[in-house]
*Asks:* 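Supplied in structure tokens, the structure appears directly below.
A quick note: this is a predicted structure, and the numbers were derived from the prediction, not measured.
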Amino acid sequence: MAEQNTTGSTTAGSIEVGTAGAGAQLAGPGTGRTAVQQPIDARVAVKPSFDVNDFPVPHGREEDWRFTPLHRLGGLHDGTAAAAERGEDKVEFALPDGVTAETVGRDDARLGKAGTPVDRVAAQAFSAFEQALVVTVPKDAVLTEPVKIDVRAEGGVRFAHVVIDVKPFAEAVVVLNHVGTGTRAANVELLVGDGAKLTFVSVQDWERDAVHVAQHNALVGRDASFKSVVVTFGGDLVRLHPRVNYAGPGGEAELFGLYFADAGQHLEHRLIIDHDTPHCRSNVAYKGALQGQDAHAVWVGDVLIRAAALGTDTYELNRNLVLTDGARVDSIPNLEIETGEIVGAGHASATGRFDDEQLFYLMARGIPADEARRLVVRGFFAELLQQIGVAEVQEQLMEKIDAELEAAV
Amino acid sequence: MATLEIRDLHVSVEAENGPREILKGVDLTVKQGETHAIMGPNGSGKSTLAYSLAGHPKYTVTGGSVLLDGEDVLEMSVDERAKAGVFLAMQYPVEVPGVSVSNFLRTAATAVRGEAPKLRLWVKEVKEAMAALQMDPAFAERNVNEGFSGGEKKRHEILQLELLKPKIAILDETDSGLDVDALRIVSEGINRVRSTGEVGTLLVTHYTRILRYIKPDYVHVFAGGRIVESGGAELADKLENEGYEAYVKGGASE
Ligand SMILES: Nc1ncnc2c1ncn2[C@@H]1O[C@H](COP(=O)(O)OP(=O)(O)O)[C@@H](O)[C@H]1O
Ligand SMILES: [Mg+2]
């Protein structure tokens, strides 16, 4: 079992082409604190289902719930939220020419194609949402402007369902921005058609008391590229579950994440990349900064390379920067490999402290303490942002980070 | 003319069994344009003096005073000391992940100079200073001290010295861990700064080797937390021949 990832701990692992035998598990050669867990399949006790009743109410000791403070979920996990009064969301769109956004009923045939809820809250969201949003980028459309979906939650409980359907050979950037407060659970489906390219940015810029749980299911088509950028600053409890499946060979998925946990915040990101298709690639990089008493970040990165997934190339990384005492990080990279016929597979996890010696060094060059801290955190995140590849989005996110740093550090 | 006056400085560190006094009354005056070599055996308190002047939080000043042009340095925060003109080239420079050398240098120069240097001039200034220290331009894009070799770390310290132009430069064992080539390059950098006549240099060293390149005006022998003998450059020759034994064993250290 991985225990709390103490600051300064590091694990890393990689294997060369074809060195792992069938069914082999890969453990990092480091401290072992973040090494391989029990098999991913075994940890997911309940089969994925759209029906909330197929999942027992979690009690907190389950592998996939053990880090989450259930009492702060606003009842999303035990049915009380579903019974509570509904709140409103104000949603605004920026839709480039040709892109459509429709509000559809539960019976719309386009829903539920990218994946199935894997835990009770996602199933609750699917069982309880009233209307879904379907955004379609038509075949061959190459957008020059991002699609923007700005959601302002206005309290109460709400269950949402969003489908982003990018048809074959289309290219799009979609930014889903969350502000305001409330208790929200959602499923987001990301259909990336054959040869299509989608960059999906989900920003959690919630007010301090929001609760947000969401499952993101990406289904990456043949020779398609999918890039997910998850940015979590706000909220009391945010638990996101980005998942990737491949619909055909040649698909590529990059998952980037960035989070900043202040005192008392619980920010949890659990990723699963399921390589069951040959010749697909995945690359994961999540970085987080934490400061303040009981700031808690959880990162779980599960990568499965199934027997059929010949020629897979995957790497995952999580880095955390702990700025003060009292913050806690749980970082668990997990690579499970059922075929040796792959191009590469590796993982790395490191949690480091912003220490007094760094502060002293920067201050000894005239840089004031608060600016020194900002410099370090900004640099830490900038390196990741540079990989997003969409200048406008990069700049906006950097501004958000600067604002967050201005307020918090 | 800038003057650093250290009077009867006493400094303690927190040890396992309570505070432990390391500096036991240091007296030293360094004027702009002068170079003072502080030489002493390992553990005599040289780094403690250097860090205390820069304001490292690990060291507690229990007595004495430090004035820079009459201003109380001990009252200043670490960054205020740097802005007032005190520079410490560290024996063990610290890694700062995620912060590039170029960003770090510009932020430091902006802080010390009180305004952001004009970009074009600044780029030129950094380029020239790096070239003079035989540093690859690609160096500027690396993270501060991350993965630097010993020689690269020391060059980077002297690069900062050249760019920040302090009134008082404290160089803590800048020579240690350098091969002959690197020692020469780094020493030339220090000499360029000294030749302006605008810096008072406190050259802290264990060995006399660097004094072949940098001629001190004064040499002070440091032992047991205080200066036990002072003289001119010739004192270094004596140390070269006789070592520190006389000072350590002779009871001068306690
Ligand atoms: N935290 C500490 N606790 C106890 N002793 C310390 C501590 N830090 C430094 N010292 C002691 O202070 C003395 C002087 O150290 P230092 O200033 O580094 O010497 P130098 O630079 O001359 O080698 C040494 O004896 C060292 O062991
Ligand atoms: Mg020393």
Side-chain angles (χ1 to χ4, degrees), chain A residues 7-10 12 256 258-260 285-291 317-325 348-387 398 401-402 405 409, chain B residues 50-59 76-115 141-146 153 156-157 159-161 163-166 168-170 172:
Chain A
T7 55
S9 74
T10 299
F256 296 124
L258 200 154
Y259 46 87
F260 194 120
Y286 268 62
K287 287 183 143 192
L290 297 92
Q291 73 167 3
L317 167 146
N318 176 230
R319 290 206 189 293
N320 295 284
L321 182 60
V322 178
L323 298 170
T324 65
D325 287 336
S349 162
T351 296
R353 271 197 73 101
F354 178 78
D355 64 19
D356 293 343
E357 295 301 326
Q358 282 173 14
L359 189 63
F360 173 73
Y361 187 75
L362 295 170
M363 288 180 75
R365 300 304 179 244
I367 303 168
D370 52 353
E371 200 182 339
R373 260 199 212 91
R374 283 199 289 271
L375 193 65
V376 169
V377 181
R378 195 179 196 277
F380 177 75
F381 285 137
E383 189 223 23
L384 186 66
L385 284 182
Q386 283 156 10
Q387 299 179 51
M398 202 68 234
I401 289 170
D402 284 339
L405 291 178
V409 178
Chain B
Y51 276 121
S52 300
L53 295 175
H56 194 290
K58 191 175 114 179
Y59 302 94
M76 299 178 195
S77 61
V78 176
D79 55 317
E80 285 168 352
R81 295 179 196 207
K83 283 176 208 149
V86 177
F87 178 88
L88 168 63
M90 290 179 209
Q91 186 174 358
Y92 303 108
V94 182
E95 288 184 12
V96 190
V99 178
S100 69
V101 167
S102 70
N103 189 14
F104 165 66
L105 293 176
R106 192 168 161 78
T107 307
T110 302
V112 166
R113 296 178 190 183
E115 60 176 358
E141 297 321 311
R142 291 171 64 183
N143 290 334
V144 172
N145 292 320
E146 207 175 51
K153 282 185 184 165
H156 180 233
E157 293 293 289
L159 175 65
Q160 295 166 54
L161 170 70
L163 294 170
L164 299 180
K165 301 182 174 58
I168 301 294
I170 305 155
D172 190 7

*Asks:* Given that the side chain runs from C-beta out, which part of A:Gln358 has a heavy atom under 4.5 Å from chain B: side chain, backbone, both or neither?
*Replies:*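 Looking at A:Gln358, backbone and side chain both touch chain B.
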
*Asks:* Only pairs of heavy atoms separated by less than 4.5 Å count here; which of B:Val144, B:Leu105, B:Leu164, B:Asn145 has the most with chain A?
*Replies:*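 Answer, by heavy-atom pair count under 4.5 Å with chain A: B:Asn145.
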
*Asks:* How long is the gap from CE on A:Met363 to CD on B:Glu80, to the nearest 0.5 Å?
*Replies:*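 Rounded to the nearest 0.5 Å, the CE-CD separation comes out at 8.0 Å.
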
*Asks:* Pick whichever of B:Ala108, B:Ala111, B:Pro166, B:Ser100 has the most heavy-atom pairs under 4.5 Å with chain A.
*Replies:*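 Ranked by heavy-atom pairs under 4.5 Å with chain A, first place is B:Ala108.
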
*Asks:* What are the two closest heavy atoms between B:Val94 and A:Glu357, and how far apart are they?
*Replies:*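 In terms of heavy atoms, the two residues are closest at CG2-O, 3.7 Å.
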
*Asks:* To the nearest 0.5 Å, how far apart are CD in A:Glu371 and CG in B:Asp79?
*Replies:*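 CG of B:Asp79 is found 9.5 Å from CD of A:Glu371.
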
*Asks:* Pick from B:Arg81, B:Glu95, B:Met90: which one has the most heavy-atom pairs with chain A under 4.5 Å?
*Replies:*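 Most heavy-atom pairs under 4.5 Å with chain A: B:Met90.
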
*Asks:* With a 4.5 Å cut-off on heavy-atom pairs, point out which of B:Ala82, B:Pro57, B:Ser77 contacts chain A the most.
*Replies:*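 Option with the greatest count: B:Ala82.
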
*Asks:* Minimum heavy-atom separation for B:Gly55 to A:Phe360, with atom names?
*Replies:*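 Shortest heavy-atom contact: C-CE1, 3.8 Å.
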
*Asks:* Please give me the minimum heavy-atom distance between B:Thr107 and A:Leu375, naming the atom from each residue.
*Replies:*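 Residues B:Thr107 and A:Leu375, closest heavy atoms: OG1-CD1, 3.8 Å.
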
